[in-house]
Amino acid sequence: STQSTWGRMYALKVGDKAPATELNEGTPAGKINSADIFAAGKKVIVFGVPGAFTPGCSKTHLPGYVADYEKFQAKGVHEIVCVSVNDAFVMSEWGNAHGVAGKVRMLADPRAEFAKALGTDIDLSGALGGVRSKRFSMVVEDGVIKQLNVEPDNTGLNCSLSNALLGTI
């Protein structure tokens, strides 16, 4: 594990293989192994949010990645993926509400396995009813983490935003 700039120990760091856990797409039956997303020859952006339909996620985080889709494509990004500790139905409907079709892939991490493997899990029981993910962005190339940007306060809207990531690719 590695220590971030802010003192938290993360399970994975830049240079490590991206997590291989089960995620859901569309329905609970739509099982996806995250390792398949990070296949060789692919450059993938992953951003994680504390919860679908929450204010910061819905007003700023997700819309920024949808709006910047073409800019990321121009920088060689093959896919943009949003992951949240929610169920697949909620993630699907949240994506539909924001017109993500063909731009951002909406994946559910219902048991927080991806968040725990990455080390971005956080207990938000008081606000969101259980374990969620810290807000983050990540660049994965050929299955290897090239960038991992976790918000210093876990839920803020700074280093994990689309416009912040665009300037570093």
Side-chain angles (χ1 to χ4, degrees), residues 1-26 28 30-52 57 61-62 64-66 68-69 71-88 91-92 94-95 100 102-122 131-152 154-169:
S1 66
T2 189
Q3 190 166 355
S4 77
T5 309
W6 309 285
R8 157 81 194 248
M9 297 299 285
Y10 290 102
L12 297 177
K13 64 186 182 311
V14 170
D16 287 344
K17 287 187 72 86
T21 66
E22 184 179 282
L23 298 167
N24 300 138
E25 186 170 33
K31 296 184 186 319
I32 306 289
N33 185 317
S34 61
D36 295 338
I37 296 166
F38 308 127
K42 287 180 74 179
K43 184 178 193 177
V44 180
I45 302 296
V46 180
F47 67 100
V49 298
C57 304
H61 214 175
L62 177 59
Y65 281 94
V66 173
D68 288 339
Y69 171 75
K71 293 175 186 173
F72 280 110
Q73 271 196 315
K75 291 184 177 255
V77 172
H78 295 93
E79 191 167 36
I80 301 173
V81 177
C82 176
V83 178
S84 184
V85 180
N86 281 109
D87 65 73
M91 289 299 287
S92 180
W94 188 40
V100 303
K103 294 183 177 182
V104 177
R105 193 170 180 186
M106 306 297 286
L107 300 180
D109 183 14
R111 293 167 298 283
E113 291 172 357
F114 188 85
K116 289 174 184 174
L118 194 55
T120 58
D121 55 304
I122 184 171
V131 172
R132 296 295 182 117
S133 176
K134 295 178 179 186
R135 194 180 304 277
F136 73 90
S137 67
M138 179 169 68
V139 178
V140 179
E141 290 183 54
D142 296 317
V144 176
I145 299 170
K146 297 294 184 182
Q147 279 192 53
L148 177 57
N149 310 297
V150 182
E151 291 293 347
N154 305 322
T155 59
L157 292 161
N158 296 295
C159 70
S160 65
L161 293 180
S162 176
N163 59 353
L165 190 60
L166 260 174
T168 65
I169 294 180

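Worth knowing before you read on, the calculation uses all heavy atoms, side chains too, and leaves out hydrogens, waters and symmetry mates.
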Less than 4.5 Å apart, side chain to side chain, heavy atoms only: is that true for [X] and [Y]?
X: Glu22; Y: Arg111; answer: yes
X: Glu141; Y: Val44; answer: no
X: Lys42; Y: Asp142; answer: no
X: Ser84; Y: Met91; answer: yes
X: Val46; Y: Leu118; answer: no
X: Leu165; Y: Asn149; answer: yes
X: Lys13; Y: Ile145; answer: no
X: Ile45; Y: Val139; answer: yes

Rounded at 0.5 Å granularity, tell me how far [atom1] in [X] sits from [atom2] in [Y].
X: Ile32; Y: Glu25; atom1: CD1; atom2: CD; answer: 4.5 Å
X: Ile80; Y: Leu62; atom1: CD1; atom2: CG; answer: 10.0 Å
X: Leu148; Y: Thr120; atom1: CG; atom2: OG1; answer: 8.0 Å
X: Asn24; Y: Met106; atom1: CG; atom2: CE; answer: 13.5 Å
X: Gln73; Y: Glu79; atom1: CD; atom2: CD; answer: 11.0 Å

Exercise. More than 12 heavy atoms of other residues, nucleotides or ligands under 6.0 Å from NZ of Lys75: is that the case?
Worked result: yes
Problem set entry | Residue Lys17 excluded, over 12 heavy atoms near NZ under 6.0 Å | no
For this session: Evaluate the side-chain contact (heavy atoms from CB on, under 4.5 Å) criterion for residues Val104 and Tyr69: first the C-alpha distance (whole Å), next the side-chain angles of each, then the deciding distance (0.1 Å), finally the verdict.
Result: CA-CA 8 Å; Val104 177; Tyr69 171 75; 5.8 Å; no
Between [X] and [Y], what is the shortest heavy-atom contact and its length?
X: Pro110; Y: Val85; result: O-CG1, 4.3 Å
X: Pro19; Y: Phe38; result: O-CE1, 3.7 Å
X: Phe72; Y: Ser162; result: CE1-OG, 3.2 Å

Looking at [Y], is its backbone amide N or carbonyl O close enough to the side chain of [X] to form a donor-acceptor pair, meaning the two atoms are under 3.5 Å apart?
X: His78; Y: Lys43; result: yes
X: Asp109; Y: Ala115; result: yes
X: Ser133; Y: Gly48; result: no
X: Asp68; Y: Tyr65; result: no
X: Asn33; Y: Ala35; result: yes

Problem set entry | Residues Leu107, Cys82; criterion side-chain contact (heavy atoms from CB on, under 4.5 Å); working and verdict | CA-CA 6 Å; Leu107 300 180; Cys82 176; over 6 Å; no
Exercise. Side-chain donor-acceptor pair under 3.5 Å between Ser137 and Gln147, yes or no?
Worked result: no
For this session: Start with the C-alpha gap between Val81 and Ile37, add the side-chain angles, then the distance that decides, and say whether side-chain contact (heavy atoms from CB on, under 4.5 Å) holds.
Result: CA-CA 9 Å; Val81 177; Ile37 296 166; 4.0 Å; yes
For this session: Determine, using ring centers only, whether Phe136 and Phe47 are less than 6.0 Å apart.
Result: no
Problem set entry | side-chain contact (heavy atoms from CB on, under 4.5 Å) evaluation trace for Lys146 with Val14 | CA-CA 5 Å; Lys146 297 294 184 182; Val14 170; 5.5 Å; no
